[in-house]
Asks: 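Once you've had a glance at the structure underneath, I'll fire off some questions.
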Amino acid sequence: MQKKEIQLFTNAIQMAKDEFYLDASQKLEKLIKEFKDSELVDDAYYNIGLCYFNMNQFEKAIDLFQKVIHQYPDSTISILDGGNEFGKTAAKCHYATMNCFLGLGRFYLALDIVNALDDYPDTYVLIGGQKKTFKEIALRAIEVYKSNT
């Protein structure tokens with residue numbers, strides 16, 4: 001990876017953490033345009049989707065998450081930002097899509113997504129030093145959603 005693409009990515013992630021979602025999205029789109037073959041492209045699309053999710057633009061977010069799932073099925077989660085997630089980016093995108101469907105009130109579509117996470121047993125998040133698969137986290141999100149509706 002080149003220094004510039006790493007810098008674009010890490011700056012964009014910081015902007016997103018600071019809730020400058022439009023600015024973060026623009027930086028990530030610049031990375032995609034300038035470094036088409038970068039191993040960060042799948043992560044950039046995911047993070048643009050996450051920016052849309054955080055702006056409650058769930059349909060746009062779903063489109064980006066689905067793009068990663070279909071165009072980058074074997075890509076892995078970048079650890080450049082010091083994250084606690086490991087494995088396939090597509091698993092993160094399935095989980096994020098599920099959350100979009102919950103945000104849209106489409107419970108049964110969210111349930112369908114949970115089953116897709118069976119394909120990613122080695123993709124997980126470290127929470128309190130323990131590995132939690134995205135399927136486990138998704139099932140918990142479904143429980144919380146059901147208890148609040």
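It should be emphasised that the depicted structure is a prediction, and the values quoted were computed from it without experimental measurement.
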Asks: Check this for me, if you would: do R140 and E143 make a salt bridge, where the nitrogen-to-carboxylate-oxygen distance has to be below 4.0 angstrom?
Replies: yes

Asks: State whether the side chain of D43 and the backbone N or O of S78 hold a donor-acceptor pair below 3.5 Å, judged by distance alone.
Replies: yes

Asks: Specify the closest pair of heavy atoms between F53 and C100, including all atoms of both residues, with the distance to one decimal.
Replies: CD1-SG, 3.6 Å

Asks: Grab the two heavy atoms, one from A24 and one from A12, that are nearest each other, plus how far apart they are.
Replies: CB-O, 3.3 Å

Asks: When the ring centroid of Y145 is compared with that of F107, is the distance short of 6.0 Å?
Replies: yes

Asks: Report whether I137 and L102 are members of the same hydrophobic cluster (ILVMFWY, side-chain heavy atoms less than 4.5 Å apart, transitive linking).
Replies: yes

Asks: Kindly indicate whether the side chain of E5, heavy atoms from C-beta on, has any atom under 4.5 Å from the side chain of E34.
Replies: no

Asks: Looking at every heavy atom in both A141 and N99, which two are closest together, and how far apart are they?
Replies: CB-OD1, 4.3 Å

Asks: Can you check side chain to side chain contact (heavy atoms under 4.5 Å, CB included) on Q66 and T97, steps first, answer last?
Replies: CA-CA 8 Å; Q66 292 301 305; T97 300; 3.4 Å; yes

Asks: Side chains of residues 116-124: which donor-acceptor pairs under 3.5 Å do they make with residues two or more places apart or in other chains?
Replies:
residue	atom	partner	partner atom	Å
D118	OD1	K135	NZ	2.6
D118	OD2	K135	NZ	3.4
T123	OG1	K88	N	2.9

Asks: Might you point out which heavy atoms bring V41 and K36 nearest each other, and give the distance in Å?
Replies: CG2-O, 3.6 Å

Asks: If you measure from NZ on K27 to OG1 on T10, what distance do you get to the nearest 0.5 Å?
Replies: 9.5 Å

Asks: If every non-hydrogen atom of L139 is compared with every non-hydrogen atom of V114, which pair is closest and at what distance?
Replies: CD2-CG1, 3.6 Å

Asks: Given the rule that I, L, V, M, F, W and Y join up when any side-chain heavy atoms are under 4.5 Å apart, are L64 and I77 in one cluster?
Replies: no

Asks: Just verifying a value: how many Å separate D63 CG and K67 NZ, rounded to the nearest 0.5 Å?
Replies: 9.5 Å

Asks: Indicate if L50 and I69 have the same hydrophobic cluster label, given that clusters are the connected sets of ILVMFWY residues with side-chain heavy-atom separations under 4.5 angstrom.
Replies: no

Asks: Could you walk me through whether Y21 and Y52 pass the side chain to side chain contact (heavy atoms under 4.5 Å, CB included) test, one step at a time?
Replies: CA-CA 8 Å; Y21 302 122; Y52 281 119; over 6 Å; no

Asks: Any idea which heavy atoms bring M98 and A110 closest together, and the distance?
Replies: CG-O, 3.5 Å

Asks: One pair to check against side chain to side chain contact (heavy atoms under 4.5 Å, CB included): L111 and F101. What are the steps and the verdict?
Replies: CA-CA 9 Å; L111 275 180; F101 284 135; over 6 Å; no

Asks: Is it the case that K92 places NZ or CZ above or below the six-membered ring of Y46, under 6.0 angstrom from the centre and within 45 degrees of the axis?
Replies: yes

Asks: Can you measure from NZ (K17) to CG (N54) and round to the nearest 0.5 angstrom?
Replies: 13.0 Å

Asks: With a 4.0 Å cut-off, would you call E59 and R106 a salt bridge?
Replies: yes

Asks: Tell me, do F134 and V125 make a side-chain contact under 4.5 Å, heavy atoms counted?
Replies: yes

Asks: Does the side chain of I79 reach to within under 4.5 Å of the side chain of N84, using non-hydrogen atoms?
Replies: no

Asks: Can you find a heavy atom in the side chain of E29 that is under 4.5 Å from one in the side chain of I48?
Replies: yes

Asks: Is there a side-chain contact between F35 and L8 (heavy atoms, below 4.5 Å)?
Replies: yes

Asks: Hey, what do you get for CG (N47) to CG (L28), rounding to the nearest 0.5 Å?
Replies: 6.0 Å

Asks: Is there a side-chain contact between K131 and F86 in this structure, where contact means two heavy atoms from C-beta onward sitting under 4.5 Å apart?
Replies: no

Asks: Establish whether F65 and M55 are linked, either directly or via other cluster members, by ILVMFWY side-chain heavy-atom contacts under 4.5 Å.
Replies: no

Asks: Working to the nearest 0.5 angstrom, can you tell me the gap between F9 CZ and S38 OG?
Replies: 9.0 Å

Asks: Taking a hydrophobic cluster as the set of Ile, Leu, Val, Met, Phe, Trp and Tyr residues connected by side-chain heavy atoms closer than 4.5 Å, whether directly or through intermediates, do F58 and Y95 fall within one such cluster?
Replies: yes

